[in-house]
Amino acid sequence: MNRFDYVRPETVADAVTAMAGGSNARFIAGGTNLVDLMKYNVEQPGRLIDITRLPLKTIEARDGGLSIGALVTNSTVAYDPAVNERYPLLASAILAGASGQLRNAATTGGNLNQRTRCYYFYDEATPCNKRQPGSGCPAIGGVNRIHAIFGTSPNCIATHPSDMCVGLAALDATVRVAGPEGERVIPFGEYHRLPGDTPEQDTTLKPGEIVLSVDLPDEEFGPHHTYLKLRDRLSYAFALVSVATVMKLDGDTIRSARFALGGVAHKPWRDAEAEAYLAGKPATHETFAAAANIVVAAAQPQSENAFKVELARRAIIRGLSQAAAGTPQSQSDKRIA
Ligand SMILES: Cc1cc2nc3c(=O)[nH]c(=O)nc-3n(C[C@H](O)[C@H](O)[C@H](O)COP(=O)(O)OP(=O)(O)OC[C@H]3O[C@@H](n4cnc5c(N)ncnc54)[C@H](O)[C@@H]3O)c2cc1C
Ligand code: SF4
């Protein structure tokens, strides 16, 4: 591990200033991802800005919805009464990830900005365009069972590993950030980016910006939601495919439905055409299968992960079926509904 400065600002303004003044500076929150990356020499910050003293630790009402501060831990969000009453999908998605100990330390802002779990990215002995731009992507044609099937580029086929973010994408959250030019709000679907020619950039955060909160809109889905996570082990494993679904029904007819997939792209993956198809249709297996087919038609699997295409298709059908029936997947007792 290299030597680095360490600063611990008390205000957001001081944190932004510290970022502007430090060479290769990084914010550190729970440290559950960044410290690992530093141990592997993937990240070599010249300055660590410990943001854990900033006043971003509350969950509060905002514009009829909820605003979750960037430093609220994943456990606090998952067990918060207002989150469970109004956005149980989010609680379920968080509880599907990591372990109790990790969720106690991990923060909302850190979860949003965690890096990919591509094996090559963590191994400094191999090339990797995300770690070292221009060095190549050995995952293409290499070991790529866990990699993306949507939105890849010739430069990178990594996936975004978060569960929480898949739930936030389906919920149409927004991300409030602050930086040298002031505050702005980023729609969740625009926060993470596809790899394109610059896979080293995971998000649309501008240099020096910090996440202040994730804000949930004023919307109710009753029991019509679910987070379904499919993985190699039933706990403590990243998603091969996950689906977060919310739905509004008029009797047996779908008024609107949104769903996001995890484990399949460089960002939580939504398909506007499939969501539009669902509106006004009967909530039947045939409808859900047709929507799933629209999504997977765009899949471009890698040499070892064609199985994800069929897994995604079936997961979408099951997720939509669970949401329509109001039988959400339980991530606490791992019950398969
Ligand atoms: C063994 C293991 C298993 C895991 N399993 C899962 C899983 O199944 N599902 C899942 O979703 N996650 C999983 N995780 C990942 C875990 O959820 C993340 O490590 C955690 O959410 C990161 O939060 P943190 O506060 O510790 O971030 P840190 O490690 O402190 O920071 C991570 C990144 O975010 C940046 N950052 C932090 N806060 C801010 C902010 N406010 N503004 C801007 N940038 C910021 C940092 O600079 C850094 O780049 C796992 C992790 C481990 C170690
Ligand atoms: S998939 Fe992306 S992160 Fe993985 S080796 Fe290729 S460039 Fe690096």
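Heavy atoms only: backbone and side chains are in, while hydrogens, waters and symmetry mates are out. In listed order, ligands and their atoms are each counted from 1.
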Does Ser67 have any side chain to side chain contact (heavy atoms under 4.5 Å, CB included) partners at least two apart in sequence or in another chain, and if so, which? Glu60, Arg62, Arg176, Ser213, Asp215

Neighbouring protein residues of ligand 1 - any heavy atom closer than 4.0 Å: Phe27, Ile28, Ala29, Gly30, Gly31, Thr32, Asn33, Leu34, Asp36, Ile51, Ala70, Asn74, Gly97, Ala98, Leu102, Ala106, Thr107, Gly109, Gly110, Asn111, Asn113, Gln114, Arg117, Pro161, Ser162, Asp163, Ile210, Val211, Lys229, Tyr236, Ala237, Phe238

Count the heavy atoms of every other residue, nucleotide or ligand shown that sit under 6.0 Å from CG of Asp36, and state whether that count exceeds 12. yes

Under 3.5 Å, is there a donor on one side chain and an acceptor on the other for Gln101 and Asn104? no

Near atom 2 (Fe) of ligand 2 (under 2.8 Å) - protein N, O or S atoms: Cys156 SG

May I ask you to say whether Arg145 pairs ionically with Asp232, meaning some side-chain N is under 4.0 Å from a carboxylate O? yes

Is the charged tip of Lys229 near the ring of Tyr227: under 6.0 Å from the six-membered ring centre and within 45° of its axis? no

On a heavy-atom basis, which atom in Leu261 and which in Ala312 lie closest, and how many Å separate them? CD1-CB, 4.4 Å

Counting only heavy atoms not in Gln44, do more than 12 fall under 6.0 Å of its CD? yes

Specify whether Tyr40 and Tyr122 have parallel, tilted or perpendicular ring planes, treating 30° as the upper limit for parallel and 60° as the lower limit for perpendicular. perpendicular

I need the full list of salt bridge (Lys or Arg N to Asp or Glu O under 4.0 Å) pairs touching residues 257-266, with sequence neighbours left out, sorted by first then second residue. Asp172-Arg258, Glu219-Arg258

